[in-house]
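Notes for the one structure printed next.
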Amino acid sequence: MTTTFKRPIAIDTRQRALVAWALVPVLVVWQLNGLYLPALGHMGMSLFWVADGFQWLVLPTTLLGLLAHRAALRPQHYGLALTRKSPWPLAARGLAVFITAGLVFLVARNLSWRVLGPSLGSFEWAQFFPQGLPGTAVQIYAAVSAGLVESIFFIGLPWLWYMNARQHPSERHFTLAVSAIFALAHWEHGRHIVIAAFFSHLVMCRWFLLWRTLWPVVLGHTMIDLAAFF
């Protein structure tokens, strides 16, 4: 079903083009990192974490800074508006995202494993985590950065672009498209993770489109990754 939306945030053609250009490097890197991260990890842990820091911190920060400077697009434009309201509704919504998307992920992963058979990926994060307290710190960093960056570049910014690029945007078409792209970015973990990522991202997109804020999705996504790491 196609629905006509009242656009709360309108951007012009130039801003839309800059959003598209900001999305391209992240989408490319996320498709390729399953090739170079394992190779760098086997060459040395320091190389692995330098590359990881570049893709999770340097690249997204640079792109978002350019959007703020060149297109006057700041976090509130792509779903991260700050509010002085009580944090409890956010916590409750984040928990709802964690439970629903997390359960969907587990069910889809386990069903695909049972129906399609084992599918071993070429890359597992756990093998590159340090031991002890440093490992815990790295796990928290990995979960928080993934929750924030993936929510921005696989939901918030794509929705901002799509809402202003289409005269009659479809929530269904948007959700299916970005969830497929998000799932394919996890190819190196095996087909069962790709399938699970697709369905869990469908859920996260629906929550975002219901609430029109990314914060609960960021929180829920982070908690899902923390649960997976620990």
Side-chain angles (χ1 to χ4, degrees), residues 1-31 55-87 89-94 96-97 100-101 144-185 198 200-222:
M1 180 178 67
T2 301
T3 308
T4 301
F5 295 94
K6 179 181 178 182
R7 291 173 171 81
I9 299 175
I11 60 177
D12 58 31
T13 303
R14 178 178 174 275
Q15 290 174 307
R16 207 162 61 236
L18 289 172
V19 170
W21 278 110
L23 289 171
V24 169
V26 170
L27 299 182
V28 171
V29 167
W30 259 244
Q31 294 298 330
Q55 73 173 32
W56 289 105
L57 298 177
V58 177
L59 179 62
T61 301
T62 301
L63 293 172
L64 294 176
L66 288 173
L67 282 179
H69 177 68
R70 301 292 298 275
L73 294 175
R74 293 174 173 80
Q76 61 266 30
H77 292 103
Y78 41 85
L80 291 176
L82 296 177
T83 177
R84 296 183 179 180
K85 296 180 181 179
S86 169
L90 169 61
R93 289 179 172 184
V97 175
T100 54
V144 172
S145 60
L148 182 60
V149 173
E150 291 184 339
S151 296
I152 292 173
F153 284 90
F154 288 91
I155 300 179
L157 282 177
W159 177 249
L160 178 65
W161 178 88
Y162 178 72
M163 275 284 290
N164 286 275
R166 298 294 298 272
Q167 185 175 1
H168 302 291
S170 165
E171 290 187 353
R172 180 183 299 175
H173 294 164
F174 169 81
T175 300
L176 289 171
V178 295
S179 296
I181 295 170
F182 177 78
L184 290 173
F198 173 78
S200 65
H201 200 261
L202 288 178
V203 175
M204 289 188 280
C205 282
R206 294 310 302 168
W207 283 125
F208 167 73
L209 292 169
L210 175 64
W211 295 321
R212 291 298 196 271
T213 173
L214 267 184
W215 288 115
V217 176
V218 171
L219 181 57
H221 190 154
T222 298

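Since the structure is predicted, the reported quantities are computational estimates derived from the model, not experimental observations.
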Practice problem: Identify the heavy atoms of Pro169 and Met163 that sit nearest to each other, and give their distance. | Solution: CG-SD, 3.8 Å
Self-check item: Minimal non-hydrogen separation, Pro216 against Trp211, with atom names
Solution: CB-CZ3, 3.6 Å
Self-check item: Nearest-0.5 Å distance, CD of residue Gln167 to CG of residue Asn164
Solution: 12.5 Å
Quiz prompt | Residue pair Ile11, His77: steps toward the side chain to side chain contact (heavy atoms under 4.5 Å, CB included) verdict | solution = CA-CA 9 Å; Ile11 60 177; His77 292 103; 5.5 Å; no
Self-check item: Separation of Leu73 CG from Leu157 CG (nearest 0.5 Å)
Solution: 8.0 Å
Quiz prompt | Thr13/Arg16 under side chain to side chain contact (heavy atoms under 4.5 Å, CB included): CA gap, chis, key distance, verdict | solution = CA-CA 5 Å; Thr13 303; Arg16 207 162 61 236; 3.8 Å; yes
Quiz prompt | Side-chain touch Trp21/Leu66, heavy atoms, less than 4.5 angstrom | solution = no
Self-check item: Approximate separation, where rounding is to 0.5 Å, of Arg74 CZ and Leu64 CG
Solution: 12.0 Å
Practice problem: For Cys205 and Val178, work out which heavy atoms get closest and say how close. | Solution: SG-CG2, 3.6 Å
Quiz item: Would Trp215 and Thr83 count as having a side-chain donor-acceptor pair, cut-off 3.5 Å?
Solution: no
Quiz item: Between Leu148 and Thr222, is any pair of side-chain heavy atoms under 4.5 Å apart?
Solution: no
Self-check item: From Arg172 atom CZ to Leu202 atom CG, the distance as rounded to the nearest 0.5 Å
Solution: 11.5 Å
Quiz item: Which value, rounded to the nearest 0.5 Å, describes the distance between Phe182 atom CZ and Phe153 atom CZ?
Solution: 14.0 Å
Self-check item: Minimum-distance pair of heavy atoms, taken over all atoms of Gln31 and Leu184
Solution: OE1-O, 3.3 Å
Exercise. Mind telling me whether Phe174 and Trp159 have parallel, tilted or perpendicular rings, with 30° and 60° as the class edges?
Key: perpendicular
Quiz prompt | Close side-chain approach of Leu23 and Phe154, heavy atoms under 4.5 Å | solution = no
Quiz prompt | Minimum heavy-atom distance between Gly156 and Leu214, given as atom pair plus value | solution = CA-CD1, 3.8 Å
Quiz prompt | Shortest non-hydrogen separation from Ser170 to Tyr162 and the atoms involved | solution = N-OH, 2.9 Å
Practice problem: Supply the atom-to-atom distance Trp161 CH2 to Leu18 CG, rounded to the nearest 0.5 angstrom. | Solution: 13.5 Å
Self-check item: CA sep, side-chain torsions, deciding dist, call: Glu171, Arg212, salt bridge (charged side-chain N to carboxylate O under 4.0 Å, His left out)
Solution: CA-CA 12 Å; Glu171 290 187 353; Arg212 291 298 196 271; 3.4 Å; yes
Quiz item: Do side-chain atoms of Arg93 reach the backbone of Gly220 as a donor and acceptor pair under 3.5 angstrom?
Solution: no
Practice problem: Show the numbers, then the answer: is there a side chain to side chain contact (heavy atoms under 4.5 Å, CB included) between Phe198 and Leu176? | Solution: CA-CA 8 Å; Phe198 173 78; Leu176 289 171; 4.1 Å; yes
